[in-house]
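Below: the structure, in structure tokens.
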Number of protein chains: 2
Amino acid sequence: MSYPLSTPQALRLWHHVGLAQVRDAEPDLSTRQMTVLLSIYLEAPPHTVRALAAKLKVSKPVITRALDAMGKLGLVTRRRDETDLRNVLIQRTVQGSLYLERLADLVSAKSQEL
Amino acid sequence: MSYPLSTPQALRLWHHVGLAQVRDAEPDLSTRQMTVLLSIYLEAPPHTVRALAAKLKVSKPVITRALDAMGKLGLVTRRRDETDLRNVLIQRTVQGSLYLERLADLVSAKSQEL
DNA sequence: AAAGAATGAAACGGTTCCGAAACAATCTGG
DNA sequence: CCAGATTGTTTCGGAACCGTTTCATTCTTT
């Protein structure tokens, strides 16, 4: 359970997390990439390019390129859908899970220091 | 007052805020730019390029370019330091305040829906 | 079987960002 | 006053991202 954050607290939280990411020169994902990654890990599979594009209200190439970039970082993988070979199913990886776990720990920890 | 966020809550919060930003095609600031902006608005002036670069552990050109981009959006302005003309003092703007206020409201609102 | 729809990827040109180095302007200490 | 230090900016080549259009593959419908 958690009470809502006040607006100053919200900004401080964003600031602290941003500072940690910038200073550590993390493999910095753009807002779009991060949102794609979180969609994949937080919502129930299967995940396709088309469905993600619709959910984020962006074009399909945006998703394809985000998957390219994150695939190169080992955060997601792609596999063809056996039942419909047009589809590509996006899958999670151990590395992606660890990446988001670290982000979550960072946010959670900073939220305590407010 | 607020209790700390659990790690799943933290990820959901990040996800919701990211989704809102991506879908509305906001003038999307990079993580670095956002962190610079928050530093300017959350910490006590005066703010200089050098001090910001040191705080974020990035090079000075990174700060200069972030200020260029955000200046173009009207989120910050620059003024020369009268007492030492080498320095540039970064100043807040009404528009920048409103921008961060909207972000804070978004985060705060989403934090309630967990 | 053939035409059309659907899916994801690739191509293209333009913009933005990056790190490193070089630069102009200003201050400081001898 | 002048050599050196300091501050912020600019430049350079390279990389990443964007929006749009086009393409290859696969499915569906007739």
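Side-chain atoms are counted along with the backbone in the values below, which use heavy atoms only and exclude waters and symmetry mates. If you're wondering where the values come from, they're calculated on a predicted model, not measured in any experiment.
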* Identify, with sequence neighbours excluded, every residue that meets side-chain contact (heavy atoms from CB on, under 4.5 Å) alongside A/Lys60. => A/Val49, A/Ala53
* First contact, last contact: which nucleotides of DNA chain C are these for chain B, 5' to 3', heavy-atom distance under 4.0 Å? -> C/dC17 to C/dC27
Could you pull out the closest heavy-atom pair between [X] and [Y], with the gap in Å?
X       : Y       : answer
A/Leu29 : A/Met34 : CB-N, 4.1 Å
B/Thr48 : B/Leu89 : CG2-CD2, 4.1 Å
B/Met70 : B/Gln33 : SD-O, 3.5 Å

Do [X] and [Y] come within less than 4.5 Å of each other through their side chains, counting heavy atoms only?
X        : Y       : answer
A/Leu19  : A/His15 : yes
B/Leu103 : B/Gln21 : yes
A/Arg12  : B/Leu42 : yes

* Sequence neighbours excluded, every pair satisfying side-chain hydrogen bond (donor to acceptor under 3.5 Å, both in side chains) that has a member inside residues 95-106 of chain A ->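 side-chain hydrogen bond (donor to acceptor under 3.5 Å, both in side chains) check on residues 95-106 of chain A returns A/Glu26-A/Arg102.
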Euclidean distance, atom [atom1] of residue [X] to atom [atom2] of [N] [Å, nearest integer]:
X       : N      : atom1 : atom2 : result
B/Asn87 : D/dG8  : CG    : P     : 5 Å
A/Ile63 : D/dC17 : CD1   : P     : 13 Å
A/Met70 : D/dA16 : CE    : P     : 15 Å

* To do: May I ask you to evaluate whether B/Thr64 reaches the phosphate of D/dG8, defined as a side-chain N or O under 4.0 Å from OP1 or OP2?
  =>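 So the side chain of B/Thr64 is outside the cut-off, no N or O lying under 4.0 Å from OP1 or OP2 of D/dG8.
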* Counterpart residues, side chain to side chain donor-acceptor pair (under 3.5 Å), relative to A/Arg50 (two or more places apart) -> none
* Structure fact -> By nearest-nucleotide position on DNA chain D, the 5'-leaning member of B/Val88 and A/Arg32 is B/Val88
* Please list, by residue number, the residues of residues 37-52 of chain A whose heavy atoms come closer than 4.0 Å to an atom of DNA chain D; answer none if no residue qualifies. =>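 Contacts with DNA chain D under 4.0 Å: none.
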* **Hydrophobic cluster membership, B/Val58 vs A/Trp14, 4.5 Å side-chain cutoff** =>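 As far as the 4.5 Å side-chain criterion goes, A/Trp14 and B/Val58 are connected within one cluster.
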* Between B/Leu13 and B/Gln9, is a side chain to side chain contact (heavy atoms under 4.5 Å, CB included) present by the stated rule, with each step listed? -> CA-CA 6 Å; B/Leu13 177 61; B/Gln9 283 174 335; over 6 Å; no
Listed pairs, N/O of protein and of nucleotides 20-30 of chain D, under 3.5 Å:
| residue | atom | partner | partner atom | Å |
| --- | --- | --- | --- | --- |
| D/dC27 | OP1 | A/Leu85 | N | 2.9 |

